[in-house]
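Okay, so here's the structure we're looking at.
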Amino acid sequence: MNSGALLSLRDTELGLAELVARVGDVLAGLAAPADGRVSTRPDARTLRYYQSLGLLDRPLRHDGREAVYGYRHLLQAVVTRLLQTEGQSLAQAQRALAGQTTAVLEHAVLEALGAPAAENLPSPKVVPPSARPLLTRELAPGVLVTIDPRLVADPDELLTRLERVIHPAPGDTP
């Protein structure tokens with residue numbers, strides 16, 4: 001798909017099958033991942049999974065039992081795949097997509113398609129936020145808790161309370 005065809009979808013509403021097809025069309029014109037871990041074309045199940053992770057917004061609406069998606073959903077799915085082909089995990093893609101405008105997503109896709117940069121658009125790259133000073137503690141074998149201290153007033157106290165819930169002292173009530 002070329003940039004003109006992509007831009008012609010701006011006001012389009014798509015069912016899930018159509019969204020899968022259009023995402024596949026856009027990705028077909030891009031280089032395939034080198035290591036083969038990320039398939040070129042996501043299927044309906046993958047897009048529903050992306051939605052459950054918050055990588056895709058909720059559908060615009062439902063017509064009966066069918067969800068209706070728009071241009072922004074198409075861009076989110078394509079950018080998610082682009083980030084994966086760059087070796088980023090879905091968690092990293094979640095952070096990179098959080099709060100991004102449709103214009104930024106569109107610019108990232110147009111750049112990947114090799115389109116000349118359009119005027120008055122934000123930065124062409126969807127860049128993951130800088131590394132956060134996260135606190136991670138293993139509360140039990142295989143149970144890791146990660147807290148962003150910028151969002152939690154007293155992360156050490158929260159971790160201590162969680163440890164008490166998992167490993168209560170004799171006589172404590174959770």
Side-chain angles (χ1 to χ4, degrees), residues 1-134 136 144 146 148 150-151:
M1 176 178 286
N2 64 32
S3 60
L6 175 70
L7 296 174
S8 72
L9 296 172
R10 280 183 171 161
D11 296 320
T12 304
E13 292 185 343
L14 309 161
L16 183 58
E18 295 169 298
L19 179 62
V20 168
R22 294 299 76 76
V23 169
D25 291 345
V26 173
L27 292 171
L30 303 174
D35 62 6
R37 288 184 299 161
V38 179
S39 68
T40 305
R41 294 175 173 248
D43 56 16
R45 183 177 180 180
T46 300
L47 293 183
R48 284 192 300 269
Y49 180 61
Y50 285 178
Q51 184 183 339
S52 74
L53 295 176
L55 291 161
L56 264 64
D57 294 342
R58 296 180 61 87
L60 299 173
R61 66 176 190 283
H62 287 83
D63 285 344
R65 295 187 68 202
E66 180 159 12
V68 177
Y69 299 90
Y71 183 63
R72 180 173 171 80
H73 297 98
L74 169 70
L75 297 173
Q76 289 171 320
V78 171
V79 171
T80 297
R81 275 302 208 235
L82 292 173
L83 292 170
Q84 284 186 291
T85 60
E86 291 175 1
Q88 296 193 32
S89 69
L90 288 177
Q92 290 170 314
Q94 283 175 311
R95 289 189 297 274
L97 290 173
Q100 296 293 346
T101 65
T102 301
V104 170
L105 297 173
E106 179 180 73
H107 201 154
V109 173
L110 290 172
E111 183 183 59
L113 290 171
E119 292 182 27
N120 301 322
L121 283 180
S123 171
K125 291 293 278 181
V126 176
V127 180
S130 59
R132 296 178 179 174
L134 301 177
T136 302
L144 297 169
T146 302
D148 186 339
R150 295 180 302 168
L151 302 175

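Model, not experiment: these values are computed from the prediction.
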Do [X] and [Y] have side chains that approach each other closer than 4.5 Å (heavy atoms only, starting at C-beta)?
X      : Y      : value
Arg41  : Asp25  : yes
Tyr71  : Leu6   : yes
Leu16  : Pro59  : no
Leu55  : Tyr49  : no
Asp43  : Thr46  : yes
Arg81  : Tyr50  : yes
Val78  : Leu105 : no
Thr102 : Arg10  : no

**Study point:** Gap separating the CG atom of Leu97 from the CG atom of Leu90, nearest 0.5 angstrom
**Key:**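 Reported to 0.5 Å precision, the distance equals 10.0 Å.
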
Point to revise | CZ-CD distance between Arg95 and Gln92, expressed to the nearest 0.5 angstrom | key: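 It is 5.5 Å, given to the nearest 0.5 Å.
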
Check your understanding: Can you check whether Leu53's main-chain N or O pairs, donor with acceptor, with Gln94's side chain at less than 3.5 Å?
Key ->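 Yes; at least one donor-acceptor contact below 3.5 Å.
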
Point to revise | Heavy-atom donor-acceptor pair, Glu66 side chain to Asp63 backbone, under 3.5 Å | key: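 Such a contact is absent between Glu66 side chain and Asp63 backbone.
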
Looking at [X] and [Y], what are the two nearest heavy atoms and their distance?
X      : Y      : value
Val20  : Pro42  : CG1-O, 3.4 Å
Leu82  : Ala108 : CD1-O, 4.3 Å
Gln76  : Leu56  : OE1-CA, 3.4 Å
Glu106 : Leu7   : OE2-CD2, 3.2 Å
Ser3   : Leu110 : CB-CD2, 3.4 Å

Exercise for review: Give me the one residue out of Arg72, Gln51, His73 that meets side-chain hydrogen bond (donor to acceptor under 3.5 Å, both in side chains) with Asp57.
Suggested key: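 Output: one option passes, namely Arg72.
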
Study note, to complete from the structure: With sequence neighbours left out, the residues meeting salt bridge (charged side-chain N to carboxylate O under 4.0 Å, His left out) with Glu13 are Arg61

